[in-house]
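For reference, the structure discussed in these notes is given below.
The shown structure was predicted, so the numbers you read here are calculated from the model rather than taken from an experiment. In what follows, chains are A, B, ... by sequence order, proteins preceding strands, each numbered from 1. Side-chain atoms are counted along with the backbone in the values below, which use heavy atoms only and exclude waters and symmetry mates.
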Amino acid sequence: MEVVEDIKDKSPRHRGAKIIIYAVLVFGSFWMLLPFVWMILTSLKSLQEAISVPPVWFPSKPLWSNYQKALSVAPFGRYFLNTVIVSSVNTVLTIIVTILAAFSFARLKFVGKNLLFTLILASMMVPGEMLIIQNYVTVAKLGWIDSYAALIVPWIASPFYIFLLRQYFMQIPDQLYYAARVDGCRDFKYLWKVMVPNAKNTIVTIGILNFVASWNAFLWPLLVTNKERMRVLTIGLTEFTNEAGSDVHLQMAAATFIILPMIIVYIILRPYIIEGVSRSGIKG
Amino acid sequence: MSIIEGRNTARGTVAAWVYLLPALIIISVFVFYPLIMAFRMSMYESYNFYKNVGTGFGFASFKRVLCDSDFHIAVKNTLFLSFVAMPVSIIISLVIALLISSIKKFQALFQTFFFLPYVTSVIAVGIVFRWLFHSNYGLINYFLGLFHIHPVAWLNNPKTTIYALAIYYIWGNLAFNTIILLVGVQNIPKMYYNAARVDGAKWGKIIFRITLPQLSPTIIFLTIVGFIASFKVYNEVYALFGDLGGAANSAYTIVFYIYRTFYGAGRMHIAAAAAVILFVAILCITIIQMLVSKKFVHYK
Amino acid sequence: MKKMMLIILSLFLLGSTVFASGQQEEPKKEDAKSKEPAKAEVVSINKEISSPVTVEFWHGMSAKLGETVELLADEFNQTIGAEKGITVVPVFQGGYTDLKQKLTASIKAGTAPVISQGYSNYIAEFMQADVVVALNDYIYDSEVGIKDFEDIFPGYRAENCQIDGKTFYSLPFNKSTEVIFYNKTFFEENGYEVPKTWDEMSALCKTIYEKTGKPGMGYDSLDNYMITMIQQFGGKYTDAQGNIYYSQNDAAVKAINLFKENFDKGYWRIAGEDKYLSGPFGNADVYMYIGSTAGASYVKPNGFEWDSAPIPYVSADKKAAIQQGTNVFLMNQNKSDEEVYAGYEFIKYLVSKDANFIWSTNTGYLPIRKSVVESPEYKKFLATTTDTTKISGPAQGDYYFYEPGFFTPNYSSYDVRVSLRAAVEDALLNGTDAKTAVDTAYGKLK
Amino acid sequence: MEIRLENIQKKFSSVVAVHDMNIRIKDGSLTGLLGPSGCGKSTTLFMIAGLYAPTAGNIFFGDEAVTLLPPEKRGIGLVFQNYALYPHMTVLKNILFPLENMKIPKKEALKMAEEMADIVQIRDLLDRKPSQLSGGQQQRVAIARALVKKARVLLLDEPLSNLDARLRLETREEIRRIQKETGITTIYVTHDQEEAMSITDDIVLMDKGWIQQQDSPQQMYLNPGNQFTAEFLGNPPVNIIDGKITDSVLVVCGEKLCGFDGVEDQPVVVGIRPEAVLIGNGDIKASVRLIEIVGKDKIISLDLKGCLIRAIVSLDYDCNVEELLSFSVKHSGVFLFDKTTGARIKGFAS
């Protein structure tokens with residue numbers, strides 16, 4: 001961004017405002033970061049420190065062994081691998097399915113389009129919790145229990161993402177399409193060569209949102225897997241709680257381990273997210 | 001074959017459906033089919049879920065839901081989230097987005113901070129918030145104490161649980177809303193601000209007369225999406241109150257009610273009826289929202 | 001690219017046809033009815049394993065508990081299992097809430113495991129699906145039966161055959177009860193005695209409150225408080241058929257009022273925002289609490305010693321302490337008789353003296369057999385553990401009662417429990433009159 | 001209102017956009033700020049407007065130093081390149097917006113807005129949204145909005161660049177008319193020399209952040225201060241050829257063009273206005289390489305021993321490619337520039 005020294009930067013009142021703005025932002029950041037920091041601090045505490053009231057901020061002695069203990073409770077290595085596979089494949093397929101559907105809704109004309117689009121939008125409004133058992137039954141009938149298919153396939157068509165991308169596609173000017181047609185480009189090629197590169201940021205964003213959601217999914221992966229070798233990280237987190245209490249410190253160690261990759265991904269892809277998220281959905 | 005312009009040709013329709021097929025199959029199988037099953041279930045007075053056998057066709061289940069005092073709490077709380085917490089969340093996000101976009105140094109850093117909750121573990125956040133709200137030791141009461149406000153038993157008092165839930169909900173939504181609004185703000189052409197300054201508009205006026213109207217499509221988008229999401233709040237309740245649903249069931253939301261009725265009590269047809277009510281409600285309100293917003297929103 | 005599309009498409013189509021053909025036909029009503037008597041009269045049972053079988057055991061035991069489950073399964077697989085050709089695979093299915101969901105889903109889909117852990121209300125609910133195996137023919141079989149069945153505490157046996165008083169649908173597994181956890185150091189310093197009756201409890205808590213300004217006692221589970229106190233006040237809670245009695249006498253109202261009086265004055269507290277009282281107890285914010293023996297490992301006293309004692313009673317002739325925890329049961333959904341038999345062999349092992357000894361000494365749960373409690377090994381174990389609930393818990397064995405589990409078209413035992421908790425909370429926190437609260441709770445169920 | 005810029009400098013990060021600038025803009029004049037894109041003219045305008053703060057130097061409106069005064073306190077009106085009409089407000093609301101900010105009572109504001117609408121002739125468009133207007137109409141609205149608050153100075157940033165050729169002519173006349181009618185001191189930024197020449201009273205020519213020359217359009221054309229000015233003004237552009245002065249004679253491509261007094265012998269850059277090439281009378285011979293028709297003129301490119309020289313003649317002048325023509329040059333249309341600095345070398349052609 002161009003840094004322009006604005007005339008308003010020079011007024012003393014403006015400088016005062018700046019200080020207030022930074023103060024507010026720092027205060028806000030504190031609340032945003034708090035759970036995160038607390039999670040990391042707690043992951044290094046003893047159970048006694050972790051559950052003590054009033055809360056202890058810092059562990060008297062950081063117990064790095066908590067990580068070792070936490071990760072030995074379940075085969076986290078295998079879980080990690082599964083989570084990576086499921087989240088990545090899920091994300092790739094979601095993107096493909098979303099692109100195809102969004103293109104169809106944004107650019108093509110066909111019988112029943114409005115009805116279909118309304119239906120898909122309406123399906124956004126169904127609370128997932130009420131579908132899950134029936135879906136389990138479906139997946140079981142397909143013989144998919146304990147397979148990647150069960151973990152992935154039901155989630156690759158999200159009405160929300162289709163809606164989001166369609167909104168973006170609608171903003172791509174028609175001239176591009178005509179230009180491509182003149183150049184002898186067919187619809188499918190046009191989609192991949194023109195629309196997709198154009199919507200790169202939105203697609204990356206959808207990918208990230210989907211990846212995060214898939215990474216954090218718990219109930220469904222638990223339902224459709226019985227074998228340890230098919231399970232994912234979030235299931236490992238439940239290993240620390242039972243009817244009478246929980247090993248909070250170990251749980252936090254595991255939680256830290258689980259979300260760290262997410263944060264790294266976010267920090268790397270932040271510019272895309274910021275660009276992408278917002279560009280979509282601006283036009284109704 | 002050109003299928004972009006002109007009439008709906010048979011060929012064009014076939015092509016379009018081919019593009020749509022993967023999404024359509026998945027959504028039909030994993031959303032519509034179970035939805036229809038839920039509709040069907042909800043129409044029985046009593047229902048053996050395991051055998052798909054029901055007796056007494058009619059609206060008895062709906063009546064039961066509508067008469068249930070827990071459902072009343074759930075509706076009240078859900079409406080509070082949708083009509084108070086959700087707008088507040090958007091307003092706070094808007095303020096943060098405006099603040100972040102008005103600074104030059106550390107912009108990226110603050111963006112990262114404010115987005116971080118989006119990837120933080122739900123379990124960790126739940127535990128932290130339970131502590132923040134703690135009546136004796138919680139940070140929130142500590143801050144209130146600085147202003148000589150009496151400590152509030154956020155999570156213990158049935159009258160305040162909904163506020164705790166709302167605060168948590170607002171917090172949880174800030175990340176997404178802020179990022180979207182931030183880009184929205186940054187996409188407003190700078191010339192309008194220059195013009196407004198030449199026209200002598202003060203910052204308050206610039207925000208209300210220039211920024212907000214320019215942002216209106218983004219805000220409407222967030223409102224509609226946020227509205228749907230606020231009607232489906234479940235995880236927040238679970239994170240704060242566990243599977244009990246708050247003191248004297250005071251933190252029930254509609255989806256929490258559905259969940260409890262379905263899995264806890266095993267009364268699937270009642271849960272289905274509640275879900276159908278919820279679905280219809282969201283659908284209606286969203287349609288109204290879209291119609292109304294068409295009137296007010298400025299599209300470039 | 002076109003080829004890719006075709007492949008993807010055909011895959012989807014294939015998937016959908018499989019799905020369509022796999023649709024379960026709705027059983028007709030006649031079928032459902034005609035099945036009923038068949039279930040009741042299982043004539044002969046299979047006791048042979050012709051070729052090795054593997055069965056799953058679904059449980060909700062995490063961390064150390066889970067490890068012990070694995071240990072028991074290994075033990076079984078290497079001994080009885082190896083001999084008979086049975087392999088048991090324990091599968092962790094999350095907490096109880098998750099386990100219940102998982103069972104619901106799998107039974108609906110016809111993929112239920114042979115063995116599962118579960119509360120009696122799960123079993124009552126799953127009876128709807130006709131999948132729960134009646135165990136009498138196994139238990140009392142002359143060859144493979146459980147010879148020392150009577151050794152299991154009567155309360156546990158009663159719980160597992162509660163439907164008609166004689167048919168067993170499950171066997172006790174991880175059992176616990178509620179006891180008083182108290183701050184021994186604090187009690188000794190002040191010369192307090194652990195209260196035996198509720199009157200003493202109220203009086204002591206008053207003293208403690210006046211001395212420290214802190215509540216003397218807290219109760220972890222208000223549901224359990226209500227169920228226990230209805231018994232202690234001489235009322236009746238529910239029965240296994242789903243009849244509700246608590247609304248017909250004033251025991252529930254008395255129970256609520258007892259708590260309310262002490263709560264309003266600050267003598268007693270609830271777990272509330274702390275979720276479990278082991279935390280505040282460890283920090284000496286409360287000097288006693290009544291909670292599950294299974295939670296003993298979460299008591300981390302901050303500079304004091306703790307001890308446990310049986311819960312108070314209203315009158316000595318009506319002592320009552322709830323027995324908690326889950327049982328194990330068998331399901332025969334799409335399973336062969338041999339698999340069911342294999343499952344039986346495993347749960348038989350779980351309730352055996354050996355397995356129960358391992359279980360109750362490795363975890364916070366209590367022995368289910370008299371012979372374990374009285375065995376020299378257990379006594380030796382008690383000498384080494386600081387967990388005194390291993391003594392105070394079984395000490396209540398004579399007056400254990402269980403919460404009936406049932407499922408009726410309109411409500412289940414779970415609903416009754418939840419509605420009563422809401423009633424106490426309503427009275428304590430909203431100041432609702434006890435009678436009104438109880439009536440509201442009862443009214444919700446009808 | 002006279003405007004003075006004294007030693008104005010503007011740096012963006014480390015790039016200097018405007019160097020040590022000193023200009024004076026006469027009260028009531030229409031001054032063009034001219035230059036190629038990126039020359040710093042818009043930056044200068046924004047500093048005058050008060051949107052940018054100069055890195056160094058002072059700006060005066062009359063005797064008042066306004067260097068750091070915010071834009072709304074300067075009494076200026078600014079028309080942006082894309083007009084920056086608020087898309088969500090009607091035309092009337094757009095025009096009222098500045099008045100609203102000045103807290104002028106509604107009734108009076110409305111009257112002022114309507115008067116202004118009459119001046120720019122958009123009275124019938126007041127209820128429309130900007131997106132429903134044509135480019136020219138938007139332009140008028142923008143001017144109305146800029147002037148309605150009785151601005152002392154009107155600043156126009158490339159106001160015609162978004163219009164088509166025909167409208168551009170019309171609108172610039174319109175701007176001229178409005179400026180004359182209101183008598184307001186006006187600064188007009190453009191990169192189009194023809195536009196600047198046709199309507200301004202005075203031109204400030206800029207390049208790479210430096211002022212090249214300030215003069216009336218006519219003076220600047222007839223008497224360019226340096227090679228850049230000569231090249232930038234005029235269409236078709238001035239012929240630029242290498243040459244040298246030998247014994248008071250200007251020699252170009254081995255051909256003696258004309259006598260030149262008062263200049264020492266040296267290699268020079270020669271600028272010849274196409275209209276100063278007088279075909280038909282003279283003794284320099286050159287062959288026709290190319291004939292172009294531009295409107296009512298013909299441009300003939302002559303090949304003078306390898307040097308191309310464009311000449312402008314009237315459309316009815318008849319000649320063919322390859323034809324040998326003789327010509328002479330009009331002395332007032334021949335300029336000499338320093339080979340290294342591009343500065344004008346004064347002398348007398350003879």
message = Centre-to-centre under 6.0 Å for B:Phe113 and A:Trp31, is that the case here?
response = no
Spatial distance of atom CD (A:Gln134) from atom CZ (B:Phe49) [nearest 0.5 Å] = 6.5 Å
ask   = Between A:Tyr22 and B:Phe106, how do the two ring planes meet: parallel, tilted or perpendicular, split at 30° and 60°?
value = perpendicular
message = Under a 4.5 Å cutoff for heavy-atom pairs, which residue among A:Ile263, A:Ile133, A:Val24 has the most contacts with chain B?
response = A:Ile133
message = Quick check for you: among A:Ser123, A:Ser29, A:Gly28, which has the greatest number of heavy-atom pairs under 4.5 Å with chain B?
response = A:Ser29
request  = Check whether any side-chain N or O of A:Trp38 sits under 3.5 Å from a backbone N or O of B:Phe129 as a donor-acceptor pair, and report yes or no.
outcome  = no
key: Pairs of heavy atoms under 4.5 Å with chain B: top-ranked of A:Ala102, A:Ala122, A:Pro159, A:Ala213   = A:Ala122
Between A:Leu119, A:Ile258, A:Ile162, the one whose heavy-atom pairs under 4.5 Å with chain B are most numerous = A:Leu119
key: Top of A:Ile99, A:Leu116, A:Leu34, A:Thr98 for chain B proximity - count of heavy-atom pairs under 4.5 angstrom   = A:Leu116
Separation of A:Leu209 CG from B:Phe176 CZ (nearest 0.5 Å) = 6.0 Å
Part of B:Phe143 within contact of chain A (heavy atom distance under 4.5 Å) = side chain
ask   = A:Ser104 side chain to B:Ala16 main-chain N or O, any donor-acceptor pair under 3.5 Å?
value = yes
request  = Determine the minimum heavy-atom distance between A:Phe110 and B:Leu20, stating which atoms define it.
outcome  = CZ-CD1, 3.5 Å
query = What are the two closest heavy atoms between A:Ala101 and B:Ala23, and how far apart are they?
reply = CB-CB, 3.8 Å
query = Roughly how far, to the nearest 0.5 Å, is the CG atom of A:Leu25 from the CD atom of B:Gln107?
reply = 10.0 Å
request  = Hey, could you give me the CZ/CD distance between B:Phe221 and A:Gln167, rounded to the nearest 0.5 Å?
outcome  = 7.5 Å
A:Ile132 side, atom CD1; B:Tyr263 side, atom OH - distance, nearest 0.5 Å = 5.5 Å
task = To the nearest 0.5 Å, tell me how far B:Leu116 CG sits from A:Ile259 CD1.
result = 6.5 Å
task = Identify the two heavy atoms, one from B:Val225 and one from A:Phe160, that lie closest to each other, and give their separation to 0.1 Å.
result = CG2-CE1, 3.6 Å
